[in-house]
Participant: 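Quick one: the structure is below, questions incoming.
Computation of the quantities below employed the complete heavy-atom set of this structure, encompassing side-chain atoms and omitting hydrogens, waters and symmetry-equivalent molecules. Below, read A as the first sequence line, B as the second, and so on, with proteins coming before strands; counting in each chain starts at 1. Small disclaimer: the values here were computed from a predicted structure and weren't measured.
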2 protein chains.
Amino acid sequence: MAEKAQTAAKKSQSRAEREADRRRVILRAAVEVFSRKGYHGCRIQDVAKEAGVAYGLVYHYFKNKDELLESVFASGWQNFLARVSAEILADHHVAARVRGIVHVAFEAYRRDPRGVKVLILEVGRSPAGGAVNRGGAFSAVILAASEMFSEAQVRGEIPAHLHPTLCATMLFGTIEMGLTSFVMGLLDKRDDEAIERARDQVAETFLHGLTGARPTASVQPPPSTGRARSRPTS
Amino acid sequence: MAEKAQTAAKKSQSRAEREADRRRVILRAAVEVFSRKGYHGCRIQDVAKEAGVAYGLVYHYFKNKDELLESVFASGWQNFLARVSAEILADHHVAARVRGIVHVAFEAYRRDPRGVKVLILEVGRSPAGGAVNRGGAFSAVILAASEMFSEAQVRGEIPAHLHPTLCATMLFGTIEMGLTSFVMGLLDKRDDEAIERARDQVAETFLHGLTGARPTASVQPPPSTGRARSRPTS
DNA sequence: CGGCGCGCTGATTCTGGAATCAATATTCCA
DNA sequence: TGGAATATTGATTCCAGAATCAGCGCGCCG
């Protein structure tokens, strides 16, 4: 819809750029406000104010409030999804892959706590009939992870009697609640080191259990596809 | 408010009873509707229709929509809270207590999936500023569980380097997502036996980890306070 | 440099649903 | 049985907030 500006070469480009910027600003503001007051607890006006624009403009860029949430979700989740998928598909021992997934999740949180909060609290849990159709996307990751565990069983890396899907949900449940501790202020979210320790504990406990947990599995990240290289801040 | 009817002995009693019934019917209907469309996605009218009463009546029994949700929460959570607390306070090895907690949660689900769904999806996750102040209640359980793990560390039952609070959140995260698998239809909620297997897997994986999970820890419930005795169906 | 189109604005309209309330039915007690 | 007290109803009021739209002014083009 905004692509009509592609008539000329350079100038129009700059215009399109500014448009995209606006869009991003609004999206950003939406994340901010959603995380503060929740989707239902805020008006479009709040988002507009946060973004420093008239609220009519929000409708210029997004069809309605739902589409706004949908976009917030898409922009946040796609990214996360891609990274997690990469971890899942890597062909390492399942333990390494699990560590990778945990790592990705916590890294995402460290980079953008607000965004993660919205994902967790708003999008992740919208009631069945709800507006946003993100249930599918969520299931997709679970499914992929199930695959991974299933495969790990074939390779004999984990016991055969475990239900792969349940393993997958448990993994994400563990991660999610780990993050929620921060989101809800049960743990100090300022402390970067605490976040790292939490991350390691989550991974190790999931892998070796409460009773068998090892004395911290060193901080160096597990060997995996791309997680390690420090990506451009973005 | 309805207690004024206690003037006489028998008849008035019956009246009070019918009132309480009504109240319960409405509460029940609310759970039903909330679980189907979510708190924000439904009108008072829907609840009334489900309960088979006029919606004005809902206001006779509950001050407003919020109080209705609050009550749904209270009636469901108090119960659960009490049972979980009992498990937490029992002085068994921490493993037994963990099993007990998991057991209670799954039992609650088996008895009333709808109710658990509402608790998980609506109440458990309401965004910070939200209406219902149940965050406190939730934190309370986490805190209690933290205590338990802390104590277990003193007794040397689990490694000292683990963060007790994180252990607690992980435990409930694992449980919650385990249940969510059913709520979301990732696993077959009809299959009673599947539920039991899931329950055991959740407990054992949490305790011994993915890699160390034992070949199913037998179905017989762990030795704990009162969980074992099959309570009157209700 | 003049005018025109499109990004942008915010007052205005519209909608849906919460909460009220006056009227009606039912129950209870003397 | 009468009538006071209470339960129940649903049309009505009221309002928050979503979505619209008519116009304004900035920037771009010839």
Side-chain angles (χ1 to χ4, degrees), chain A residues 1-26 29-30 33-34 37-72 129-132, chain B residues 1-27 29-30 33-34 37-71 129-132:
Chain A
M1 55 190 79
E3 285 64 17
K4 69 176 62 164
Q6 289 179 343
T7 42
K10 194 58 174 296
K11 300 271 189 114
S12 62
Q13 170 65 358
S14 126
R15 154 132 61 170
E17 259 172 32
R18 270 185 302 109
E19 261 186 43
D21 274 354
R22 282 294 214 191
R23 209 188 144 87
R24 232 172 293 130
V25 166
I26 293 174
V33 175
F34 286 171
K37 328 224 266 175
Y39 177 70
H40 289 286
C42 77
R43 297 165 279 266
I44 289 285
Q45 172 117 225
D46 298 328
V47 174
K49 203 179 298 168
E50 176 76 32
V53 301
Y55 57 92
L57 193 60
V58 174
Y59 286 95
H60 183 75
Y61 288 101
F62 303 91
K63 196 162 103 277
N64 55 34
K65 203 182 172 187
D66 273 2
E67 192 188 289
L68 182 55
L69 179 58
E70 189 74 53
S71 299
V72 166
V132 190
Chain B
M1 54 191 83
E3 284 64 16
K4 68 178 62 164
Q6 289 180 342
T7 43
K10 195 60 174 296
K11 299 270 189 112
S12 63
Q13 169 68 358
S14 126
R15 150 128 69 166
E17 260 172 30
R18 269 185 303 107
E19 257 186 46
D21 274 355
R22 281 296 213 196
R23 208 190 145 85
R24 232 173 292 128
V25 165
I26 293 174
L27 224 45
V33 175
F34 287 171
K37 328 224 264 178
Y39 177 68
H40 289 286
C42 78
R43 298 164 281 266
I44 288 285
Q45 171 118 223
D46 298 327
V47 174
K49 202 179 300 169
E50 177 76 31
V53 301
Y55 56 93
L57 193 61
V58 174
Y59 286 95
H60 182 74
Y61 287 101
F62 303 91
K63 196 161 103 276
N64 54 35
K65 202 182 173 188
D66 273 2
E67 192 188 288
L68 183 55
L69 179 58
E70 190 74 52
S71 298
V132 190

Participant: Atom CZ of A:R23 and atom P of C:dG7: how far apart are they, to the nearest Å?
Facilitator: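 Those two atoms, CZ and P, are 14 Å apart.
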Participant: Within the 4.5 Å heavy-atom criterion, are B:Y39 and B:L68 side-chain neighbours or not?
Facilitator: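 B:Y39 does not reach B:L68 side chain to side chain.
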Participant: Whole-Å distance between C:dA19 P and B:L68 CG?
Facilitator: 10 Å
Participant: Just the rounded figure in Å: distance from P of D:dA18 to NZ of A:K65.
Facilitator: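 Checked: the NZ to P distance equals 4 Å.
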Participant: Nearest whole Å is fine: how far is D:dA19 C1' from A:E67 CD?
Facilitator: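 Taking CD of A:E67 and C1' of D:dA19, I get 14 Å after rounding.
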Participant: For A:F62 and D:dA18, what is the distance between atoms CZ and C1' respectively, to the nearest whole Å?
Facilitator: 16 Å
Participant: Can you name the closest pair of heavy atoms from B:R22 and B:Y61 and give their distance?
Facilitator: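 Smallest interatomic distance, heavy atoms only, reads CB-OH, 3.5 Å.
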Participant: Taking only the side-chain heavy atoms of A:I44 (C-beta and beyond), determine which of C:dG7, D:dA18, D:dT8 contains the nearest atom.
Facilitator: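 Of C:dG7, D:dA18, D:dT8, D:dA18 is nearest to the side chain of A:I44.
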Participant: Pairs of donor and acceptor atoms involving the side chains of residues 42-54 of chain B, under 3.5 Å and at least two apart or interchain, shall be tabulated with distances.
Facilitator:
residue	atom	partner	partner atom	Å
B:D46	OD2	B:R43	N	2.9
B:E50	OE1	B:R36	NH2	2.9

Participant: Return the CD to CG distance between B:E70 and B:D66, rounded to the nearest 0.5 Å.
Facilitator: 8.0 Å
Participant: Rounded to whole angstrom units, what separation is found between the CD atom of B:Q45 and the C1' atom of C:dA18?
Facilitator: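 Between C1' of C:dA18 and CD of B:Q45: 11 Å.
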Participant: With a 4.0 Å heavy-atom cut-off, tell me which residues in residues 48-59 of chain B come close to DNA chain C, sorted by residue number.
Facilitator: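 Of all residues in residues 48-59 of chain B, the ones placing a heavy atom under 4.0 Å from DNA chain C are B:Y55, B:Y59.
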Participant: So which heavy atom on B:Y59 is nearest to which on B:Y55, and how close?
Facilitator: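 In terms of heavy atoms, the two residues are closest at CD1-O, 3.5 Å.
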Participant: D:dT6 P sits how many Å from B:Y61 OH, rounded?
Facilitator: 13 Å
Participant: Any side-chain heavy-atom pair from A:I26 and A:R23 closer than 4.5 angstrom?
Facilitator: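 They are not in contact (no side-chain heavy atoms under 4.5 Å apart), so the answer is no.
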Participant: For B:D46 and C:dG16, what is the distance between atoms CG and P respectively, to the nearest whole Å?
Facilitator: 14 Å
